[in-house]
Amino acid sequence: MFKLPVKTSLAVLAAALGLASAPAFAGKTLDAIKARGQLVCGVNTGLAGFSQADSAGNWTGLDVDVCKAIAASILGDASKVKWVPLVAQQRFAALQSGEVDILSRNTTWTLTRDASLGLNFTGVTYYDGQGFMVPVKNKVKSAKQLKGATVCVQSGTTTEKNLTDYSKANGLNIKPVVFEKLEATNAAYFSGRCQAYTTDASGLASIRNKEAKNPAEHVILPELISKEPLGPAVRRGDDEFFAIAKWVVFGLIEAEEYGVTQSNVDAMARDSKDPVVGRLLGTTEDTGKLLGLDKDWLARALKATGNYGEIFERNVGPKSPLALPRGVNNLWSKGGLMYAPPVR
């Protein structure tokens, strides 16, 4: 068996180690974002708590904050985002065609979408499940009581397929009433055209809070009939931007775990002796160079949006208008599913 000389072997090993820690090459998406001075972010046309614009055109929501954090990391300014509102049927084509850099629009990560649409999901920012909302006056307590019921649902979504599967599996003969646009679906349900409304449970809470004349007149049933891991997606073929989009969110989650908040970033950078905090904030190690960014990439994101927990609480948490419990979206160390790979 042929063996390399010891000196040659050491040189090869050194080169390999050098490559492993070399700065990232900027991908075409990152170059385009820097050249135009904006991140182009595809969002929902209006889903309270996740992405909605006020009368002045200011966008807020959990999905919106993801894009703001990425913009802050890359461009140093969370306001440098162009918002592109997309209905469900438009969202994947907009990403595939390059109309948007990232899709951050309450979108479920599924095998079909991941494997056949030319995109990569970057992680989960909200663990959800499909539910049903009904008028309190109908006295329905369980989804199993919806036999033969008309149910409002939006087309072009996993929701539509899940409803059909659930109806067949339970012999309910549910009659879907399908609409292309969210606004039309909402209007049909609240006008009484459907006996129930189905979508992600978080979406139902948002719609009830925003659209109902009296939210107390509508109840979200206890059953969840699916797993709906929601998260951002980017185009395939640009590993550099894929890495940035992933690690900004992971960094926000890890920052919560280590107590780094929007208000204490500078103090933690100055005073913390925790090596993890040092890596997160770029005071002891420069992880940014591996992403094609500078050492303060995550500190800027945290100053712009706060950590994951702050984003959750502000937009959808118990003290927000949606009043959603943290539940499975809590940190893994607190009984939830939010778990970030180490930023190191």
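We count residues from 1, following the sequence as given.
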Distance-minimising heavy-atom pair for I70 and A245: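 For I70 versus A245, the nearest heavy atoms are CD1-CA, 4.1 Å.
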*Can you find a heavy atom in the side chain of T199 that is under 4.5 Å from one in the side chain of V153?*
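Contact flag for T199/V153 side chains = no.
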Next on the checklist: Using the ring-ring contact (aromatic ring centres under 6.0 Å, His included) criterion, which residues pair with Y339? Sequence neighbours excluded.
Outcome noted: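 Result, ring-ring contact (aromatic ring centres under 6.0 Å, His included) vs Y339: W332.
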Side chains of residues 72-79: which donor-acceptor partners sit under 3.5 Å, not counting sequence neighbours?
residue: S73; atom: OG; partner: A69; partner atom: O; Å: 3.1
residue: S73; atom: OG; partner: W297; partner atom: O; Å: 3.0
residue: D77; atom: OD1; partner: S79; partner atom: N; Å: 2.9
residue: D77; atom: OD1; partner: S79; partner atom: OG; Å: 2.7
residue: D77; atom: OD2; partner: S79; partner atom: OG; Å: 3.3

Intermediate values then yes/no, side-chain hydrogen bond (donor to acceptor under 3.5 Å, both in side chains), T107 and R91 = CA-CA 9 Å; T107 297; R91 54 185 162 172; 3.1 Å; yes
Under 3.5 Å donor-acceptor, E257 side chain and I253 backbone: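 Pair absent, no side-chain N/O of E257 close to backbone of I253.
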message = Distance check, rounded to the nearest 0.5 Å: Q195 atom CD versus K175 atom NZ?
response =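 That separation rounds to 8.5 Å.
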(message) For the backbone of T29 and the side chain of D238, can you confirm whether one donor and one acceptor N or O come within less than 3.5 Å of each other?
(response)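 Yes, the answer is positive, given that a donor and an acceptor are paired below the 3.5 Å cut-off.
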query: How is the hydrophobic cluster of V177 composed, in terms of its other members, when Ile, Leu, Val, Met, Phe, Trp and Tyr link through side-chain heavy atoms under 4.5 Å apart, directly or indirectly?
result: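 Members other than V177 - counting any ILVMFWY side chain reachable under 4.5 Å - are F179.
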Worksheet item: Rounded to the nearest 0.5 Å, what separation is found between the CD1 atom of I207 and the CG atom of D200?
Response: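 It comes to 9.0 Å.
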Donor-acceptor pair, distance only, cut-off 3.5 Å: does the side chain of S191 make one with the backbone of A188?
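Indeed, once roles are kept as given, a pair shorter than 3.5 Å links the two residues.
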Going by atom type alone, with no hydrogens or angles, which donor-acceptor pairs under 3.5 Å involve a side-chain atom of residues 272-281 and a protein atom two or more places apart or on another chain?
residue: S272; atom: OG; partner: D274; partner atom: N; Å: 3.2
residue: D274; atom: OD1; partner: V276; partner atom: N; Å: 2.8
residue: R279; atom: NE; partner: V343; partner atom: O; Å: 3.3

Side chains of residues 317-326: which donor-acceptor pairs under 3.5 Å do they make with residues two or more places apart or in other chains?
residue: S320; atom: OG; partner: V316; partner atom: O; Å: 3.3
residue: S320; atom: OG; partner: G317; partner atom: N; Å: 3.2
residue: S320; atom: OG; partner: G317; partner atom: O; Å: 2.7
residue: S320; atom: OG; partner: L322; partner atom: N; Å: 3.3
residue: S320; atom: OG; partner: A323; partner atom: N; Å: 3.4
residue: R326; atom: NE; partner: N329; partner atom: O; Å: 2.8
residue: R326; atom: NH1; partner: E256; partner atom: OE2; Å: 3.0
residue: R326; atom: NH2; partner: E256; partner atom: OE1; Å: 2.9
residue: R326; atom: NH2; partner: E256; partner atom: OE2; Å: 3.3
residue: R326; atom: NH2; partner: N329; partner atom: O; Å: 3.3

Could you please spell out the steps behind the side-chain contact (heavy atoms from CB on, under 4.5 Å) verdict for L39 and K68?
-> CA-CA 9 Å; L39 173 73; K68 287 182 176 179; over 6 Å; no
W59 versus C41: any side-chain heavy-atom pair under 4.5 Å?
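The answer is no, as the side chains (C-beta and beyond) never meet within the 4.5 Å cut-off.
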At their closest point, which heavy atom of K144 faces which heavy atom of Y166, and how far apart are they?
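Scanning both residues completely, I find the closest heavy atoms to be CE-OH, 3.4 Å.
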_If you compare all heavy atoms of L172 against all heavy atoms of A143, which two are closest, and at what distance to 0.1 Å?_
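For L172 and A143, the tightest heavy-atom pair comes out as CD1-O, 3.9 Å.
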Is a side-chain donor or acceptor of S206 paired with a backbone partner of S202 at a separation under 3.5 angstrom?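 Here the side-chain-to-backbone pair does not exist.
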Could you report the tightest heavy-atom contact between L302 and L252, atom names first, then the distance?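 Closest approach of L302 to L252, heavy atoms only: CD2-CD2, 3.8 Å.
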ask   = What closest approach, in Å, do V136 and A216 show between heavy atoms, and which atom pair accounts for it?
value =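 So the two residues come closest at CG2-O, 3.5 Å.
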- Task: Would you sort out whether L163 and F132 count as a side-chain contact (heavy atoms from CB on, under 4.5 Å), showing the intermediate values?
- Result: CA-CA 10 Å; L163 177 63; F132 294 88; 3.7 Å; yes
Q: Please lay out, stage by stage, how T198 and I174 fare under the test side-chain contact (heavy atoms from CB on, under 4.5 Å).
A: CA-CA 11 Å; T198 188; I174 285 172; over 6 Å; no
Please enumerate all residues that pass ring-ring contact (aromatic ring centres under 6.0 Å, His included) together with F241, with sequence neighbours excluded.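 Applying ring-ring contact (aromatic ring centres under 6.0 Å, His included) to F241 gives none.
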Checklist entry - Does K246 make a cation-pi contact with F242, if we ask for NZ or CZ under 6.0 Å from the ring centre and within 45° of the axis? => result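 Relative to the ring axis of F242, which defines the angle, K246 lies inside both limits.
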- Task: Please check if the side chain of D54 supplies one atom and the backbone of G57 the other of a donor-acceptor pair under 3.5 Å.
- Result: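 Indeed, once roles are kept as given, a pair shorter than 3.5 Å links the two residues.
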Does the pair N186 and Y197 meet the rule for a side-chain hydrogen bond (donor to acceptor under 3.5 Å, both in side chains), with working shown?
CA-CA 8 Å; N186 295 346; Y197 190 141; 2.7 Å; yes
What residues form a ring-ring contact (aromatic ring centres under 6.0 Å, His included) with Y308, not counting sequence neighbours?
->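 Result, ring-ring contact (aromatic ring centres under 6.0 Å, His included) vs Y308: none returned.
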ask   = Less than 6.0 Å separating the ring centroids of F50 and Y126?
value =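 Yes, the ring of F50 comes within the 6.0 Å limit of the ring of Y126, centre to centre.
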Using the ring pair (Phe, Tyr, Trp, His ring centres under 6.0 Å) rule, collect all pairs that involve residues 141-160, keeping only residues at least two apart or in two chains.
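Matches after skipping sequence neighbours: none remain.
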Checklist line | N315 CG to Q52 CD distance, which is reported to the nearest 0.5 Å | finding: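 Spacing of CG (N315) from CD (Q52) equals 9.5 Å.
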| message | As a quick check of understanding, evaluate side-chain contact (heavy atoms from CB on, under 4.5 Å) for V260 and N307, giving each step before the final call. | response | CA-CA 7 Å; V260 185; N307 62 40; 5.8 Å; no
Query raised in the report: Does a donor on one side chain sit under 3.5 Å from an acceptor on the other, for H218 and Y189?
Result: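 Per modelled atom types, H218 and Y189 side chains form a pair under 3.5 Å.
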* Asked: Do side-chain atoms of R235 reach the backbone of V100 as a donor and acceptor pair under 3.5 angstrom?
  ->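 Yes, because the side chain of R235 sits within donor-acceptor range (under 3.5 Å) of the backbone of V100.
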Margin query: If we ignore hydrogens and angles and just use 3.5 Å, is the side chain of E254 paired with the main-chain N or O of G251 as donor and acceptor?
Written below: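 The answer is no, because no donor-acceptor pair under 3.5 Å joins these two groups.
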**Message:** Quick check for you: to the nearest 0.5 Å, what is the distance between K28 atom NZ and I33 atom CD1?
**Reply:**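 Spacing of NZ (K28) from CD1 (I33) equals 12.5 Å.
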- Message: With a 3.5 Å distance limit and no angle check, can you tell me whether N138 reaches the backbone of V140 through a side-chain donor-acceptor pair?
- Response: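 A pair under 3.5 Å: no.
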Q) Looking at CD1 of I311 and OG1 of T305, how far apart are the two atoms once the value is rounded to the nearest 0.5 Å? A)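 Here the rounded value is 3.5 Å.
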### Query
Can you tell me how far OG1 of T287 sits from CG of L298, rounded to the nearest 0.5 angstrom?
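So the CG of L298 and the OG1 of T287 are separated by 7.5 Å.
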Worksheet item: Do T159 and Q154 have a side chain donor and acceptor closer than 3.5 Å?
Response: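 Absent: no donor and acceptor within the cut-off.
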Discussion item. Among residues at least two apart in sequence or on other chains, which ones pass salt bridge (charged side-chain N to carboxylate O under 4.0 Å, His left out) with D63?
Written reply: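 Expected list: none.
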Review point. Does atom NZ of K210 have more than 12 heavy-atom neighbours from other groups under 6.0 Å away?
Key: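 Counting other residues, nucleotides and ligands, NZ of K210 exceeds 12 neighbours.
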Q: Applying salt bridge (charged side-chain N to carboxylate O under 4.0 Å, His left out), name anything that partners R36, two or more places apart in sequence or on another chain.
A: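 Result, salt bridge (charged side-chain N to carboxylate O under 4.0 Å, His left out) vs R36: D101.
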- Message: Suppose the criterion is salt bridge (Lys or Arg N to Asp or Glu O under 4.0 Å): which pairs have a residue in residues 299-316, not counting sequence neighbours?
- Response: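 Checked against salt bridge (Lys or Arg N to Asp or Glu O under 4.0 Å) - neighbours excluded - the pairs reaching residues 299-316 are D65-R314, D266-K303, D294-R300.
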- [ ] Please name the pair of heavy atoms, one in Q96 and one in L117, separated by the smallest distance, quoted to 0.1 Å.
- [x]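 Closest approach of Q96 to L117: NE2-O, 2.9 Å.
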**Request:** Tell me yes or no: between the side chains of Q89 and S155, is some donor less than 3.5 Å from an acceptor?
**Result:**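 There is such a pair (donor and acceptor under 3.5 Å, judged by atom type) between the side chains of Q89 and S155.
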Which pairs of donor and acceptor atoms, one on a side chain in residues 224-231, lie under 3.5 Å apart (sequence neighbours left out)?
residue: S226; atom: OG; partner: Q130; partner atom: N; Å: 3.1
residue: S226; atom: OG; partner: E228; partner atom: OE2; Å: 2.5
residue: E228; atom: OE1; partner: T108; partner atom: OG1; Å: 2.6
residue: E228; atom: OE1; partner: T158; partner atom: OG1; Å: 3.1
residue: E228; atom: OE2; partner: N162; partner atom: ND2; Å: 2.7

